[in-house]
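Okay, structure first, notes after.
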Amino acid sequence: MENILDYTQEELLTWMKENGESAFRAKQVISWIYKEIWNFEEMKNIPKSLKDKLSNNFYFGIPKVEEEYISKVDGTKKLLLAFNDGNLIETVIMKYKHGNSICVSTQVGCRMGCKFCASTLGGRIRNLTAGEIISQILVAQKITGERISNIVLMGSGEPLDNFDNVMKFLEIVNADYGLNIGQRHITLSTCGIVPKMYELADKGLSITLAISLHAFNDEKRKEIMPIANKYSIKEILDACNYYIEKTKRRITFEYSLVKDVNDGSEDAKALGKLLKGMLCHVNLIPVNEVKENSFKRSSEKTIQNFENILKNTGVEVTVRREMGSDINAACGQLRRSYIKENDIKLV
């Protein structure tokens with residue numbers, strides 16, 4: 001059986017034709033799915049014979065909410081979701097004045113090995129399908145009773161390491177028949193898989209591309225990000241410039257500030273020099289402390305100094321507002337602690 005959430009409307013239309021059904025039935029079924037009806041028997045305008053066919057061929061890949069945490073600080077919700085195979089992922093729902101944002105996972109675990117990230121501990125278990133990524137948004141909307149208007153692909157996993165499924169997800173989530181979320185309301189974060197950055201640029205999408213940079217030179221970046229051993233900062237910036245040229249979209253550079261590692265004045269000056277004149281924005285992120293490593297958060301004074309230096313070099317910069325600080329809202333932390341507490345074996 002297949003997860004019906006993995007199907008585009010066109011694919012379901014083809015299935016209907018191949019199974020002796022009218023093509024318009026595909027639109028009806030898809031419409032029910034995005035009205036949060038996840039049981040074929042409840043689809044009122046679908047004939048019994050078709051319901052039986054659908055039930056024999058498809059299932060709804062909606063994950064179970066294993067745990068839910070709500071921040072007392074800002075109302076951020078963090079969900080630990082379990083799929084049918086027992087694998088766990090995390091999803092974070094953040095409330096802003098401009099609407100609800102969701103941070104979705106694209107893989108179970110991650111194999112990129114960034115030292116400041118809890119998601120990569122234990123490695124990548126498997127990719128998520130397009131439908132499994134979509135299901136995180138469906139569950140979030142069901143729980144909150146409110147529409148999700150912005151998506152960030154910054155949860156567990158490296159989106160460009162799951163390229164085809166992520167591209168299909170973007171197609172469905174943007175479609176009129178799907179969640180109808182505009183591409184300009186979607187941000188994809190990558191640690192810098194250069195060939196896939198070029199491939200993404202050639203898609204001509206209007207999403208925002210965010211690069212996890214975290215250092216101004218290759219030597220320092222290699223200390224915290226294994227991907228730096230494969231692709232240099234120059235190669236990444238060349239790919240970024242190509243992306244800007246093809247899409248006319250501004251790049252975001254994410255920079256996690258780690259005490260005594262990459263948060264000095266000289267780091268800020270060098271980063272400003274590196275990015276000056278580029279159509280970009282720097283998002284400074286006070287690092288989330290993880291038990292399994294020794295990285296510590298920079299002081300408020302250091303963060304402010306770093307921000308000011310970048311501004312003085314002419315680079316647009318903001319410090320990311322911390323959301324859900326009291327519920328371990330950083331990706332990977334909840335899943336990691338749940339696995340340890342319940343003695344779950346990763347497979």
Side-chain angles (χ1 to χ4, degrees), residues 34 36 65 67-81 89-106 117-119 133-157 159 166 169-170 172-175 178-190 205-212 249-257 279-288 297 300 303-304 306-307 310-311 315-334:
Y34 291 99
E36 299 179 356
V65 180
E67 291 193 0
E68 178 182 353
Y69 293 89
I70 303 175
S71 170
K72 295 177 182 178
V73 177
D74 53 35
T76 295
K77 290 183 191 292
K78 183 157 194 177
L79 309 178
L80 183 69
L81 304 177
I89 60 163
E90 297 167 46
T91 298
V92 180
I93 309 161
M94 297 157 286
K95 283 181 169 287
Y96 296 97
K97 291 180 181 179
H98 59 266
N100 293 337
S101 293
I102 188 169
C103 180
V104 297
S105 296
T106 55
C117 182
S119 296
I133 304 172
I134 289 166
S135 71
Q136 298 169 61
I137 305 173
L138 295 177
V139 168
Q141 293 188 153
K142 187 85 166 180
I143 285 176
T144 61
E146 298 174 354
R147 174 176 165 77
I148 294 293
S149 53
N150 296 279
I151 304 168
V152 288
L153 289 86
M154 292 185 187
S156 296
V166 167
F169 159 76
L170 293 175
I172 296 173
V173 84
N174 178 236
L179 289 168
N180 197 22
I181 297 175
Q183 290 182 6
R184 290 178 180 269
H185 295 275
I186 301 173
T187 297
L188 183 153
S189 175
T190 177
L205 304 178
S206 299
I207 64 172
T208 296
L209 179 63
I211 310 297
S212 294
R249 299 284 290 163
R250 184 178 70 168
I251 296 280
T252 293
F253 288 103
E254 297 164 328
Y255 194 100
S256 291
L257 289 164
L279 182 61
C280 71
H281 167 263
V282 175
N283 195 5
L284 296 178
I285 308 166
V287 75
N288 288 286
R297 175 194 167 101
E300 290 301 326
I303 294 169
Q304 186 65 59
F306 202 101
E307 180 185 14
L310 282 179
K311 284 181 178 177
V315 174
E316 289 189 33
V317 56
T318 53
V319 178
R320 178 182 291 178
R321 175 186 166 196
E322 291 184 88
M323 302 289 286
S325 57
D326 58 329
I327 56 170
N328 286 337
C331 58
Q333 291 180 320
L334 177 56

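- Nearest heavy-atom pair, A140 versus I102, reported as atom, atom and distance to 0.1 Å: CB-CD1, 3.6 Å.
- Contact of the I134 side chain with the V104 side chain is not registered, since no non-hydrogen atoms from C-beta on lie closer than 4.5 Å.
- In this structure, the side chain to side chain donor-acceptor pair (under 3.5 Å) partners of T318, at least two apart in sequence or on a different chain, are H281.
- For L279, the side-chain contact (heavy atoms from CB on, under 4.5 Å) partners at least two apart in sequence or on another chain are I244, R250.
- Rounded to the nearest 0.5 angstrom, L153 CG and T190 OG1 are separated by 11.0 Å.
- Side chains of I143 and V65 form a contact here, defined as non-hydrogen atoms less than 4.5 Å apart.
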>> As a quick check of understanding, evaluate side-chain contact (heavy atoms from CB on, under 4.5 Å) for R297 and I303, giving each step before the final call.
In response: CA-CA 9 Å; R297 175 194 167 101; I303 294 169; 4.1 Å; yes
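- In this structure, the side-chain contact (heavy atoms from CB on, under 4.5 Å) partners of I285, at least two apart in sequence or on a different chain, are E254, S256, R320.
- Put simply, the side chain of T144 reaches to within 4.5 Å of the side chain of I93, judged on heavy atoms.
- Between the side chain of S101 and the backbone N or O of I151 there is no donor-acceptor pair closer than 3.5 Å.
- Contact of the Y96 side chain with the D74 side chain is not registered, since no non-hydrogen atoms from C-beta on lie closer than 4.5 Å.
- Here the closest non-hydrogen pair linking P286 and L284 is CD-O, 3.7 Å.
- Atom CD1 of residue I89 and atom OG of residue S156 lie 8.0 Å apart, to the nearest 0.5 angstrom.
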>> Evaluate T106 against I133 for side-chain contact (heavy atoms from CB on, under 4.5 Å), listing each step before the verdict.
In response: CA-CA 6 Å; T106 55; I133 304 172; 4.2 Å; yes
>> Test side-chain contact (heavy atoms from CB on, under 4.5 Å) on V139 and L81; report intermediate values, then the result.
In response: CA-CA 9 Å; V139 168; L81 304 177; 4.2 Å; yes
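- Taking all atoms of both residues into account, the shortest heavy-atom contact from R147 to L179 is NH1-O, 3.0 Å.
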> Step by step, would you call E68 with K78 a salt bridge (charged side-chain N to carboxylate O under 4.0 Å, His left out)?
Replying inline: CA-CA 6 Å; E68 178 182 353; K78 183 157 194 177; over 6 Å; no
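- The two residues A210 and T187 make their nearest non-hydrogen contact at CB-CG2, 3.9 Å.
- With a 4.5 Å cut-off on side-chain heavy atoms, P159 and S189 do not count as touching.
- A distance of 7.0 Å separates CD1 of I181 from CD1 of I148, quoted to the nearest 0.5 Å.
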> Going through the distances and angles, do M94 and C103 end up as a side-chain contact (heavy atoms from CB on, under 4.5 Å)?
Replying inline: CA-CA 8 Å; M94 297 157 286; C103 180; 4.0 Å; yes
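- Listed by chain and residue number, W38, Q141, K142 satisfy the side-chain contact (heavy atoms from CB on, under 4.5 Å) test with E36 (two or more places apart in sequence, or in another chain).
- For S149, there are no side-chain contact (heavy atoms from CB on, under 4.5 Å) partners at least two apart in sequence or on another chain.
- To the nearest 0.5 Å, the span separating CG on N150 from NE2 on H185 amounts to 6.0 Å.
- A donor-acceptor pair under 3.5 Å links the side-chain atoms of Q136 to the main chain of S105, judged by distance alone.
- Residues meeting the ring-ring contact (aromatic ring centres under 6.0 Å, His included) test with F253, sequence neighbours left out: none.
- Taking CG of L188 as the start and CG of L205 as the end, the distance is 9.5 Å to the nearest 0.5 Å.
- Rounded to the nearest 0.5 Å, atoms CG (L80) and OH (Y69) are 8.0 Å apart.
- A donor-acceptor pair is defined here as one N or O able to donate and one able to accept, closer than 3.5 Å; no such pair exists between the side chain of R184 and the backbone of S206.
- Taking the side chain as every heavy atom from C-beta outward, F306 and L257 approach each other to under 4.5 Å.
- For the side chain to side chain contact (heavy atoms under 4.5 Å, CB included) with Q183, the lone residue among N174, L170, V173, T208 that qualifies is N174.
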>> Walk me through whether E316 and K311 qualify under salt bridge (charged side-chain N to carboxylate O under 4.0 Å, His left out).
In response: CA-CA 6 Å; E316 289 189 33; K311 284 181 178 177; over 6 Å; no
